[in-house]
Amino acid sequence: MRVKVGKTSIVLAKGDITDQDVDAVVNAANPSLMGGGGVDGAIHRKGGPQIDEECLEIRRSQYPDGLPPGKAVITRGGKLKARYVIHTVGPVWKGGKNGEAEVLAAAYRNSLALAAQKGLNSIAFPAISTGAYGYPFEDACRVALQAIVQELNELGGSAPEEVRLVMFTEGDFDRCAALMRSFFPGLAKTLDRNRWLKVCARGSRLASPLCCRL
Ligand code: AR6
């Protein structure tokens, strides 16, 4: 599934974040930046020692007390296909009244801003905080989509060309796809490819400035 927001395609994909052929993958890290389980463990394992070394240096030089939730830093990608890893820390879910949504939005927005600052063209996100940190999946997806669209609007011409949302399971993919359909008005029509081509041929745009297609 793909939605166009300005110059950026937001692409929903199913897969493993460590396999993504993008300029940067985002790591759902913890403040230590020293690795852990889930996405974090997979990225550090597959990326190898270069990521560990650069994370250690970031801790030493910039964040001796750990990376605060919502902030983002960047290292090279080591042995990953992605050239860079953007490490961010999502919120731990504590019921929803402790600023979790703001911190989650900041994690997405700061990661995107960092990618833009580095001139990167494509970035892949996992569903931050929805694993070990316990954020309810649908709520987290809504916050993520809203934060991404807001930051893309803010970045304008320097926004990356592709923002990929990588879901680990079929179930998560389906749930996020359903949310995207309700979030982006053009997608609510669930156009199939042929209908989309006919719409394009007529030269119409859906829900301007969003140009959406499935
Ligand atoms: N590729 C894509 N998505 C994945 C992968 C993968 N290889 N592995 C898991 N997911 P989590 P969090 C999904 O726990 O909730 C770590 O120990 C997973 O199904 O990785 O932000 C860190 O060190 C879930 O939907 O991140 C922190 O301590 C989503 O990615 C803590 O976990 C996020 O799950 C961070 O917890």
Side-chain angles (χ1 to χ4, degrees), residues 1 10-49 51-52 54-56 58-59 63 65-75 77-82 84-96 98-112 114 122-145 147-148 162-180:
M1 180 183 279
I10 300 178
V11 179
L12 183 65
K14 187 191 155 305
D16 185 324
I17 195 80
T18 64
D19 290 334
Q20 303 303 308
D21 55 347
V22 285
D23 289 339
V25 291
V26 174
N27 182 16
N30 64 60
S32 79
L33 296 178
M34 292 298 111
V39 166
D40 198 10
I43 284 179
H44 277 266
R45 263 194 312 278
K46 205 154 168 182
I51 298 179
D52 303 334
E54 292 190 23
C55 280
L56 210 54
I58 289 169
R59 279 295 309 278
Y63 291 107
D65 298 329
L67 183 68
K71 299 273 187 203
V73 294
I74 191 164
T75 65
K79 296 180 192 145
L80 296 175
K81 285 182 197 160
Y84 294 96
V85 178
I86 292 175
H87 305 260
T88 190
V89 180
V92 176
W93 180 256
K94 290 181 187 154
N98 297 280
E100 290 94 330
E102 288 78 10
V103 174
L104 186 59
Y108 279 94
R109 293 189 68 159
N110 286 327
S111 298
L112 272 175
L114 191 50
S122 53
I123 179 171
F125 285 95
I128 299 168
S129 280
T130 65
Y133 279 1
Y135 207 118
F137 184 83
E138 262 110 357
D139 292 341
C141 281
R142 249 180 243 115
V143 170
L145 289 171
I148 288 168
E162 182 180 334
V163 173
R164 197 178 295 173
L165 306 178
V166 181
M167 299 296 128
F168 203 39
T169 67
E170 197 79 44
D172 286 351
F173 178 93
D174 290 345
R175 286 194 286 167
C176 194
L179 274 166
M180 278 176 78

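Heads up: numbering here begins at 1 and tracks the sequence. As the structure lists them, so they are numbered: ligands from 1, and atoms in each ligand from 1. Values below: every heavy atom of this structure, side chains too, minus hydrogens, waters and symmetry copies.
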Q: Under 4.0 Å from atom 31 (C) of ligand 1, is there any protein heavy atom?
A: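 It does: a protein heavy atom is found less than 4.0 Å away from atom 31 (C) of ligand 1.
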Q: Say you draw a straight line from CG of L165 to CD1 of I17; how long is it, rounded to the nearest 0.5 Å?
A: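 Taking CG in L165 and CD1 in I17, the distance rounds to 9.0 Å.
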Q: Answer yes or no: is there a side-chain heavy-atom contact under 4.5 Å between C55 and H44?
A: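 Yes, side chains in contact.
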Q: For residues F168 and K14, report the shortest heavy-atom separation together with the two atoms involved.
A: O-NZ, 4.0 Å
Q: What residue and atom, counting heavy atoms only, is the protein's closest point to atom 17 (O) of ligand 1, and at what distance?
A: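 Residue, atom and distance for the closest contact: G37 N, 2.7 Å.
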Q: Which ligand 1 atoms does A28 reach within 4.0 Å, using its non-hydrogen atoms?
A: 21 (O), 22 (C), 26 (O), 35 (C)
Q: Give me the nearest non-hydrogen protein atom to atom 8 (N) of ligand 1 as residue plus atom name, then the distance to 0.1 Å.
A: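 I find the closest protein heavy atom is F168 CE2, 3.6 Å.
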Q: Which residue and non-hydrogen atom of the protein lie closest to atom 20 (O) of ligand 1, and at what distance in Å?
A: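 Its nearest protein heavy-atom neighbour is V39 N, 2.8 Å.
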Q: Which atoms of ligand 1 are found less than 4.0 Å from any heavy atom of D16?
A: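 Those qualifying, in numeric order: 1 (N), 6 (C), 7 (N).
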Q: Atoms of ligand 1 less than 4.0 Å from D40 heavy atoms?
A: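 It comes down to these atoms of ligand 1: 22 (C), 23 (O).
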Q: Report the C-alpha distance between M167 and R175 in whole Å, list the side-chain angles of each, state the deciding distance to 0.1 Å, and finish with yes or no for side chain to side chain contact (heavy atoms under 4.5 Å, CB included).
A: CA-CA 10 Å; M167 299 296 128; R175 286 194 286 167; over 6 Å; no
Q: Return the residue, atom name and 0.1 Å-rounded distance of the protein heavy atom closest to atom 24 (C) of ligand 1.
A: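 Checking every protein heavy atom, the shortest distance to atom 24 (C) of ligand 1 gives T130 OG1, 3.3 Å.
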Q: Among protein heavy atoms, which sits nearest to atom 1 (N) of ligand 1, and what does the distance come to when rounded to 0.1 Å?
A: I17 N, 2.9 Å
Q: Hey, is G90 one of the residues with a heavy atom under 4.0 angstrom from ligand 1?
A: no
Q: Within this structure, what is the CD1-OG1 distance for the pair I43 and T75, rounded to the nearest 0.5 Å?
A: 9.0 Å
Q: Could you check atom 21 (O) of ligand 1 against the protein and tell me its nearest heavy-atom contact, residue, atom and distance included?
A: S129 N, 2.8 Å
Q: Can you tell if the side chain of M180 reaches within under 4.5 Å of the side chain of I10, non-hydrogen atoms only?
A: yes
Q: Hey, are E100 and K94 close enough for a salt bridge, meaning a charged N less than 4.0 Å from a carboxylate O?
A: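 Looking at K94 together with E100, the answer is no, because their closest N to O distance does not fall below 4.0 Å.
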Q: Using distance alone, determine whether G131 and ligand 1 share an N or O pair under 3.5 Å.
A: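 Yes: some nitrogen or oxygen of G131 is under 3.5 Å from one in ligand 1.
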Q: Salt bridge (charged side-chain N to carboxylate O under 4.0 Å, His left out) with R164: which of D23, D21, D19?
A: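 Considering D23, D21, D19, a salt bridge (charged side-chain N to carboxylate O under 4.0 Å, His left out) with R164 is found only for D21.
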Q: Using a strict cut-off of 4.0 Å, indicate which atoms of ligand 1 neighbour a heavy atom of A127.
A: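 It comes down to these atoms of ligand 1: 29 (C), 33 (C).
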Q: Between L112 and I123, is any pair of side-chain heavy atoms under 4.5 Å apart?
A: yes
Q: Is the shortest N/O to N/O distance between V166 and ligand 1 below 3.5 Å?
A: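 Among all N and O atoms of V166, none is under 3.5 Å from an N or O of ligand 1.
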Q: Looking at atom 14 (O) of ligand 1, what's its closest protein heavy atom, distance included?
A: A132 N, 2.8 Å
Q: Can you find an N/O atom of I128 closer than 3.5 Å to an N/O atom of ligand 1?
A: no
Q: So which heavy atom on G90 is nearest to which on P69, and how close?
A: O-CB, 4.1 Å
Q: Below 3.5 Å, N or O to N or O, backbone or side chain included: is there any such pair between G38 and ligand 1?
A: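 So ligand 1 has no N or O lying under 3.5 Å from an N or O of G38.
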Q: Using a 4.5 Å cut-off on heavy atoms from C-beta on, say whether the side chain of P126 contacts that of V26.
A: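 Yes, their side chains come closer than 4.5 Å.
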